[in-house]
Amino acid sequence: VELQPVYRDPVHDFGFFRFDPSKLRFMTPEAIRLAPHKAKVGMEIRVVGNDAGEKLSILAGTLARLDRAAPEYGVGEYNDFNTFYLQAASGTSGGSSGSPVLDIYGDAVALNAGGSNRAASSFYLPLSRIVRALNLVRHGQPVPRGTIQAEFEHLPYDELRRLGLNMTIETKMRETFPASQGMLAVRTVLPQGPADGSLRSGDIVVAINGQPVVDFISFEDIADSSISAEINVSVWRGDKAYNTRVRVQDMAAVTPHRYVEVGGGVVNNVSYQIARSYGIPVDGVYVASSGHVLSSAGAWRGSVIQAVGTAATPDLDSFARAFGELRDGSRVPVKFFALEQPHRQKVAIMSVATHWHAMRMATRDEVTGNWAYIDLRPPAPLPRDITPQTASVGQLPASLAPGGRVWPSVVQLDFHCPYLVDGMKDTQFMGPGFIIDKARGYVVCDRDTVPIGLGDVHITIAGSVVLVGKVHFLHPVYNFAIVKYDPRQLGNTQVQDLQFHPDYLAGRKKLAPGDTVCVVAVNGEQSPVVRHTRVASRSMVSTRECLPPRFRCMNVEGIKLNDQPGCQGGVLCDEDGLVLAMWTSVSSQDSNHKDTTSMTGFDACLLRQTVESLCGSGCCPDIRSLDVELWTIRLAAARALGLAPARIRQIEDACGENPRLLYVLGILSSETPASKLLHTGDIILEKDGQLATDVSDLGVIHDEKLVRLVVLRDGQETTLNVPTTALDGMETKRVIHWSGALVQNPYRYVQEQVRRLPSHVYVSCTLYGSPANCYGLRPGMWITEVEGRPVTTVDEFIATLEGLRLDRTCSDSNSKQPQDVQAARYVRLTVVNKSQVSRVLSLRVDNHYWPPWELICDSDTPCGWRAIQRI
């Protein structure tokens with residue numbers, strides 16, 4: 001049955017749901033009587049719940065204490081306070097929270113709340129405040145909750161005497177409350193709260209409004225009945241008695257009932273719980289989830305935003321107004337502090353990239369428990385009229401030669417992903433780039449800096465000018481990407497195109513072990529690094545299959561140096577500053593699937609086809625592949641596999657020193673024509689009549705739809721006419737969001753990890769807390785059926801879901817079924833994992849909190865993508 005949240009206490013660890021009993025079928029529920037007065041030390045109790053996720057468990061215990069302090073669950077977490085807790089050694093664990101604590105007659109004497117990890121102790125919330133709230137809710141009345149923003153603790157008399165308690169007062173309190181072993185003392189007072197300046201830590205509470213008080217229930221009864229009124233608090237401080245008046249605040253005023261979704265993040269007013277945990281005023285805008293935009297400034301979860309741009313943000317409304325005045329694509333300062341260090345204010349630059357997400361405010365309906373959304377005014381786009389920015393490109397000293405020839409081409413790139421698609425686990429990347437065509441605005445970088453096409457690119461030139469760019473091309477095999485900016489943004493900034501050595505760019509020459517090179521690179525502080533060294537070796541680049549699957553560099557030789565400098569990346573050049581090779585960061589994973597990076601050089605000739613296509617026609621090159629992973633094999637191994645002596649002599653004569661061949665290490669896709677012809681273990685001898693000993697001839701094939709290969713298979717040479725597969729320079733061009741799942745076509749690096757594709761509907765990410773995440777839909781799954789209807793493409797998936805929605809809309813209008821059956825929007829999915837194991841999930845669709853939308857690659861937009869709402 002559907003549950004409706006009707007009340008949650010702002011301090012104590014309980015709340016109420018409501019359901020319609022008429023909607024229950026095949027069972028008759030029994031109510032549990034609440035009996036807080038029956039709790040006694042030594043009572044045998046049973047905790048009935050789903051301990052550790054079990055459907056039903058019954059744990060035994062004996063009540064040992066009725067006056068334990070509220071458990072502390074950690075700074076910044078939810079913590080109960082201003083109440084006693086009951087304690088027993090029942091050993092409950094996760095899953096039992098909220099379970100009833102029953103006596104032998106089946107009456108509830110407490111509510112299970114928490115437990116200790118170091119002992120078998122369990123902690124139970126007393127029912128007295130629960131009974132009060134329940135009676136009010138049953139009669140449709142609000143539950144008044146008052147606060148003076150002070151936390152109290154119950155201390156024994158011997159400790160109170162050390163705080164200065166007068167013996168006369170102790171004697172009188174013992175006579176009045178013979179069952180009590182202590183009194184309340186002030187533990188903390190929140191700054192700028194109602195009690196600030198009136199009460200102090202260590203004050204012993206004697207009476208309120210002239211009524212002696214020694215427990216939490218009496219104090220809360222008075223506070224809850226005195227909202228917006230003043231109460232007279234009598235305390236003993238040191239060796240003197242004091243009377244002070246404190247105005248009681250409505251706790252609803254310091255309990256957030258609204259939040260704003262902005263840039264994929266969530267912010268709300270600082271709550272009483274957070275303020276109490278960190279000892280700060282109940283003031284400011286709290287970052288509950290940083291998302292895409294706030295994370296660009298390092299304002300992570302647990303930060304408090306104080307200003308956006310030049311506007312102060314003391315509350316949620318001022319924050320929404322300040323954000324609405326910004327410009328999408330701009331960069332503005334943000335003032336904030338982290339709750340762990342509230343004394344240290346931070347100022348950082350935030351990239352305003354709100355085009356990926358909706359901006360809206362949610363307000364809680366206290367009657368229904370639902371959150372109603374209203375759209376907020378998002379930041380307006382930047383004006384189309386570009387204002388050129390000019391910066392001075394500094395000259396490097398002669399001691400850093402030949403770095404001065406390269407440095408005018410160096411830029412700094414910042415890349416931020418709004419969503420974790422294409423196997424991403426991180427959202428922020430940075431590294432150097434190099435201008436290769438200043439007239440068209442092309443910059444080359446490695447794919448550890450720009451790993452995917454979905455994201456925002458900011459290009460810093462001369463450490464002064466920041467330009468907005470977009471991903472233009474991702475090489476599907478080699479470790480480089482091309483980003484593009486509008487050159488009109490640069491003004492008269494004297495940048496230069498990166499100058500390549502013509503012989504090395506054409507591939508007529510390549511760096512060999514022992515060659516002298518100069519590394520011109522950028523370190524972590526964006527300062528130049530220049531080092532003269534020698535090439536140590538050339539070898540095939542080895543990268544592992546990643547989890548989740550993502551781009552990995554393969555089928556290429558890398559260059560290692562004798563004395564590698566610590567840097568983010570750069571180039572290898574000669575003494576004249578002409579580039580011989582790129583020096584890049586290669587990303588992979590180790591055997592435990594932990595991300596690793598290594599610096600490797602790549603021949604400049606690998607860029608030639610791309611540079612010539614982009615700088616010539618402005619189009620991306622035609623890149624094709626055999627869909628195999630290649631590796632080298634020595635002649636001795638090839639001889640053992642049946643390679644003829646005549647062929648060995650031919651290879652030795654052609655290759656000279658260290659002759660090697662290439663063989664098929666693995667098949668990258670099982671669905672292409674090449675995979676039907678080439679087999680793992682094939683040694684490739686020739687391509688189009690020429691010996692194939694250089695991996696650059698086979699790893700990437702340009703402009704050839706069909707190649708003729710001679711391979712050695714089972715000791716026999718075989719001629720094959722192999723069709724090549726066209727590879728896209730952007731990989732992913734479409735992402736669908738549905739019920740918290742990000743769905744896309746399976747990209748190249750997913751296909752290499754499965755025997756066959758179950759479908760072309762691949763789940764690359766599920767958002768935390770979404771229906772997809774809660775009902776078992778996981779990244780790395782394929783959706784093959786929706787309600788028993790096969791879906792093989794993303795378009796079929798969308799059409800099937802829309803058809804279900806229309807069918808249910810029509811059937812609901814004519815249905816005689818009960819409303820709860822009509823309202824149960826469950827969709828049955830058949831999913832398959834990469835091991836080809838199939839299972840069926842039932843997922844409840846929630847378009848209110850998780851509306852469907854789509855991202856489509858669009859070169860006409862500033863970021864290169866366009867969002868479509870599918871509501």
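Residue numbers start at 1 and run along the sequence shown. Just so it is clear, the structure is predicted and the values come from calculations on it, not from any experiment. The analysis underlying the following values was restricted to heavy atoms, covering all of them including side chains, and did not include hydrogens, waters or symmetry mates.
- Under the 3.5 Å distance criterion, the side-chain polar atoms of D574 are matched with a main-chain donor or acceptor of D576.
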Worked check of ring-ring contact (aromatic ring centres under 6.0 Å, His included) between F500 and Y504: CA-CA 7 Å; F500 292 93; Y504 287 82; over 10 Å; no
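- By the side-chain contact (heavy atoms from CB on, under 4.5 Å) test, Q395 pairs with no residue at all, sequence neighbours left out.
- With sequence neighbours left out, the side chain to side chain donor-acceptor pair (under 3.5 Å) criterion links T449 to D446.
- In this view, Y663 satisfies the ring-ring contact (aromatic ring centres under 6.0 Å, His included) rule with no residue, not counting sequence neighbours.
- There is a side-chain donor-acceptor pair under 3.5 Å between D422 and T732.
- The aromatic rings of Y419 and H357 sit tilted relative to each other, their planes meeting at an angle between 30° and 60°.
- Around CG of D590, the count of heavy atoms belonging to other residues, nucleotides or ligands within 6.0 Å exceeds 12.
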Throw together a table of side-chain donor-acceptor distances under 3.5 angstrom for residues 460-473, partners on residues two or more places apart or in other chains.
{"from": "K470", "atom 1": "NZ", "to": "S859", "atom 2": "O", "distance (Å)": "2.5"}
{"from": "K470", "atom 1": "NZ", "to": "T861", "atom 2": "O", "distance (Å)": "3.2"}

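- Checked against side chain to side chain donor-acceptor pair (under 3.5 Å), Q496 has no partners two or more places apart in sequence or in another chain.
- Atom CZ of R344 is surrounded by 12 or fewer heavy atoms from other residues, nucleotides or ligands within 6.0 Å.
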Using distance only, find each side-chain donor-acceptor pair of residues 518-533 under 3.5 Å and give its atom names and separation, not counting sequence neighbours.
{"from": "N523", "atom 1": "OD1", "to": "E525", "atom 2": "N", "distance (Å)": "3.0"}
{"from": "N523", "atom 1": "OD1", "to": "Q526", "atom 2": "N", "distance (Å)": "3.2"}
{"from": "N523", "atom 1": "OD1", "to": "S527", "atom 2": "N", "distance (Å)": "2.8"}
{"from": "Q526", "atom 1": "NE2", "to": "G524", "atom 2": "O", "distance (Å)": "3.2"}
{"from": "R531", "atom 1": "NH1", "to": "D563", "atom 2": "OD1", "distance (Å)": "3.2"}
{"from": "H532", "atom 1": "ND1", "to": "E575", "atom 2": "OE2", "distance (Å)": "3.2"}
{"from": "T533", "atom 1": "OG1", "to": "D563", "atom 2": "N", "distance (Å)": "3.4"}

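- In this structure D858 satisfies the side chain to side chain donor-acceptor pair (under 3.5 Å) test together with R866, sequence neighbours excluded.
- No more than 12 heavy atoms of other residues, nucleotides or ligands lie within 6.0 Å of NZ in K733, so this atom counts as exposed by the packing criterion.
- Partners of S539 under the side-chain contact (heavy atoms from CB on, under 4.5 Å) rule, at least two apart in sequence or in another chain, do not exist in this structure.
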Enumerate donor-acceptor pairs with a distance under 3.5 Å from any side-chain N or O in residues 476-485 to protein atoms, sequence neighbours excluded.
{"from": "N479", "atom 1": "OD1", "to": "R447", "atom 2": "N", "distance (Å)": "3.3"}
{"from": "N479", "atom 1": "ND2", "to": "T584", "atom 2": "OG1", "distance (Å)": "3.0"}
{"from": "N479", "atom 1": "ND2", "to": "S585", "atom 2": "O", "distance (Å)": "3.1"}
{"from": "K484", "atom 1": "NZ", "to": "R440", "atom 2": "O", "distance (Å)": "3.2"}

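- Residues Q568 and D448 bring no donor and acceptor atom of their side chains to less than 3.5 Å of each other.
- At least one donor-acceptor pair closer than 3.5 Å links the side chain of W865 to the backbone N or O of G453.
- The shortest side-chain heavy-atom distance between D515 and R534 does not fall under the 4.5 Å cut-off.
- Side-chain contact, R544 with S588: no donor N or O sits under 3.5 Å from an acceptor N or O.
- In this structure, R331 has no salt bridge (charged side-chain N to carboxylate O under 4.0 Å, His left out) partners at least two apart in sequence or on a different chain.
- Residue pairs meeting the side chain to side chain donor-acceptor pair (under 3.5 Å) criterion with at least one partner in residues 284-306, sequence neighbours excluded, are H292-D456, S295-Q428, Q306-Q345.
- Checking side-chain atoms of Q609 against main-chain N and O of L607 turns up no donor-acceptor pair under 3.5 Å.
- A salt bridge (charged side-chain N to carboxylate O under 4.0 Å, His left out) check over residues 393-410, counting only residues at least two apart or in different chains, returns nothing.
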